[in-house]
Amino acid sequence: MVTEFILLAFSELQDFQIYLFTVILLAFISCVVGNTAILALVRSKSSLHTPMYFFISDFAFLEIIFVSVTVPKLLTNLLETDRKISFTGCFAQLYAFNSFGVAECYLLAVMAFDRDFAIHKPLHYFRIMNKTTCIQLALSPWVFGFVISTTPTIFTARLAFCGPNKVKHFFCDLSAMQNLACSDPMVSNLVTSASAIFGSMLPFVIILGFYIHIIVIILKIKSMVGKQKAFSTCSSHLIVACLFYGSVVVVYGRPKGSEHDKFLALMYTVIIPFLNPFIYTLRNKDVKAALRKSNLLKVLGPSKR
């Protein structure tokens, strides 16, 4: 029985290892620093103590954990020739990655609900979206993530791994692991497909439904200024959701992996988490206003007058 696996990562691009390492390291540092800055800003500025920014800060915290599951190991493998990972470590990474990934999907759905409710019922919004409700809504994606990811992880871990141990990916993923199994992975594939429906497709449909409703409400607003103001409150979230699902649905809509999965995975494990802090700050007037008043600008440089 196999006791360890070898993460091949991008070993076929041997001449570009150092370049990949540099780009991914910079993206990882920017992601962690950017999301940490959002957490600090939301916590320190009373003007950002609203449900929307509470969920944004929760998303920022989740992003830091999500990238930390896979990227440090990828950076290590880009520098070293020994790309081994233990059986236990591999499936721990697999479970953590899928749990936090599903949690992001459902948190994006919660954020879509928040925007829909704020636009549809503005007079009742702050009364209903109190601290208790926000905490419950923020915790529910984490619960869904851990619960939904448990079954496919168990079914995949129970497969017989008796020979090939080279994973054609830069982290332990469900489809990549199922392709290495000596036993028939059909049941595991079916469980993975079902989990993909509940873990990514269902929240995607929920997000789509909320945004269709938001568009209908915005179209009913008579003034152009009112329409722009309503849309500006959810434009950042819409961009993030589209970027995230653009790559996730392609990879996890099917159980069997391919040679291109690891390149698509770079999109939602490195590139999009790197972009998200910029999207939430540069496209958000409240955050930019808070930044101008914040001491963070002393580090970033004087603001333009």
Out of curiosity, [X] [atom1] to [Y] [atom2], how far, rounded to the nearest 0.5 Å?
X: Leu275; Y: Cys31; atom1: CG; atom2: SG; answer: 9.5 Å
X: Thr153; Y: Leu94; atom1: OG1; atom2: CG; answer: 5.0 Å
X: Leu180; Y: Cys90; atom1: CG; atom2: SG; answer: 8.5 Å
X: His120; Y: Ile217; atom1: NE2; atom2: CD1; answer: 5.0 Å
X: Tyr53; Y: Ile38; atom1: OH; atom2: CD1; answer: 10.5 Å
X: Leu159; Y: Met186; atom1: CG; atom2: CE; answer: 11.5 Å

Decide yes or no on side-chain contact (heavy atoms from CB on, under 4.5 Å) for Asn35 and Phe61, but give the supporting numbers first.
CA-CA 7 Å; Asn35 283 297; Phe61 178 66; over 6 Å; no
List, by chain and number, the other hydrophobic cluster members for Ile6, where Ile, Leu, Val, Met, Phe, Trp and Tyr join if side-chain heavy atoms come within less than 4.5 Å, directly or indirectly.
Leu8
Besides Ile215, the hydrophobic cluster formed by Ile, Leu, Val, Met, Phe, Trp and Tyr side chains linked at under 4.5 Å, directly or via other members, contains Leu219
Can you see which heavy atom on [X] is nearest to which on [Y], and at what distance?
X: Glu63; Y: Pro273; result: OE2-CA, 3.3 Å
X: Ser86; Y: Gly89; result: OG-N, 2.9 Å
X: Phe198; Y: Leu202; result: O-CB, 3.9 Å
X: Val270; Y: Ala27; result: CG1-CB, 3.7 Å
X: Pro141; Y: Ala138; result: CD-O, 3.2 Å
X: Ala109; Y: Ile206; result: CB-CG2, 4.1 Å

Using the ring-ring contact (aromatic ring centres under 6.0 Å, His included) rule, take Phe117 and Phe210 through it: C-alpha gap first, then chi angles, then the decisive distance, then the call.
CA-CA 9 Å; Phe117 190 57; Phe210 279 130; 10.0 Å; no
Are any non-hydrogen side-chain atoms of [X] and [Y] less than 4.5 angstrom apart?
X: Ile56; Y: Met111; answer: yes
X: Cys105; Y: Phe244; answer: yes
X: Phe126; Y: Pro51; answer: yes
X: Ser200; Y: Val102; answer: no
X: Cys172; Y: Phe91; answer: no
X: Ile207; Y: Tyr245; answer: yes
X: Leu137; Y: Leu107; answer: no

Give the intermediate values and the outcome of side-chain hydrogen bond (donor to acceptor under 3.5 Å, both in side chains) for residues Thr156 and Ser188.
CA-CA 6 Å; Thr156 304; Ser188 181; 3.0 Å; yes
Return the set of residues passing ring pair (Phe, Tyr, Trp, His ring centres under 6.0 Å) with [X] (not counting sequence neighbours), or none when no residue passes.
X: Phe28; answer: none
X: Phe59; answer: none
X: Phe155; answer: none
X: His49; answer: none

Using the salt bridge (charged side-chain N to carboxylate O under 4.0 Å, His left out) criterion, which residues pair with Lys166? Sequence neighbours excluded.
none
For Ile64 and Thr36: C-alpha separation, side-chain torsions, deciding distance, then whether side-chain contact (heavy atoms from CB on, under 4.5 Å) applies.
CA-CA 8 Å; Ile64 294 172; Thr36 303; 3.6 Å; yes
Against Phe171, only a single residue in Gln93, Lys262, Lys73 fulfils side chain to side chain contact (heavy atoms under 4.5 Å, CB included); can you say which?
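Among Gln93, Lys262, Lys73, the one that satisfies the side chain to side chain contact (heavy atoms under 4.5 Å, CB included) with Phe171 is Gln93.
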I'd like to know if [Y] and [X] are part of one continuous hydrophobic network [Ile/Leu/Val/Met/Phe/Trp/Tyr, side-chain heavy atoms within less than 4.5 Å].
X: Leu208; Y: Val110; value: no
X: Phe66; Y: Val143; value: no
X: Val205; Y: Ile197; value: no
X: Val71; Y: Ile65; value: yes
X: Ile279; Y: Ile29; value: yes

Determine whether a donor-acceptor pair (N or O, by modelled atom type, separation under 3.5 Å) exists between the side chain of [X] and the backbone of [Y].
X: Asp58; Y: Phe54; answer: no
X: Thr192; Y: Pro152; answer: no
X: Glu4; Y: Phe87; answer: no
X: His237; Y: Leu108; answer: yes

Going by the side-chain hydrogen bond (donor to acceptor under 3.5 Å, both in side chains) test, which pairs reach into residues 103-118, not counting sequence neighbours?
Asp114-Tyr125, Arg115-Tyr125, Asp116-His213
Taking NZ, NE, NH1 and NH2 as the nitrogens, is one of them in Glu12 or Lys168 under 4.0 Å from a carboxylate oxygen of the other?
no
For Phe146, is the CZ atom crowded, meaning more than 12 foreign heavy atoms sit under 6.0 Å from it?
yes
Can you list everything that forms a side-chain hydrogen bond (donor to acceptor under 3.5 Å, both in side chains) with [X]? Sequence neighbours excluded, please.
X: Thr88; result: none
X: Thr133; result: Asn130
X: Ser149; result: none

side-chain contact (heavy atoms from CB on, under 4.5 Å) between Cys182 and Phe161, intermediate numbers included
CA-CA 6 Å; Cys182 298; Phe161 296 94; 5.9 Å; no
Please output the side-chain donor-acceptor pairs of residues 15-25 that fall under 3.5 Å, not counting sequence neighbours, one pair per line with the distance.
| unit_1 | atom_1 | unit_2 | atom_2 | d |
| --- | --- | --- | --- | --- |
| Gln17 | NE2 | Phe10 | O | 2.6 |
| Gln17 | NE2 | Leu13 | O | 3.0 |
| Thr22 | OG1 | Ile18 | O | 2.8 |

Do Asn98 and Leu174 pass the side-chain contact (heavy atoms from CB on, under 4.5 Å) test, and can you show the C-alpha distance, the side-chain angles, and the key distance before you say yes or no?
CA-CA 9 Å; Asn98 284 280; Leu174 285 166; 3.8 Å; yes
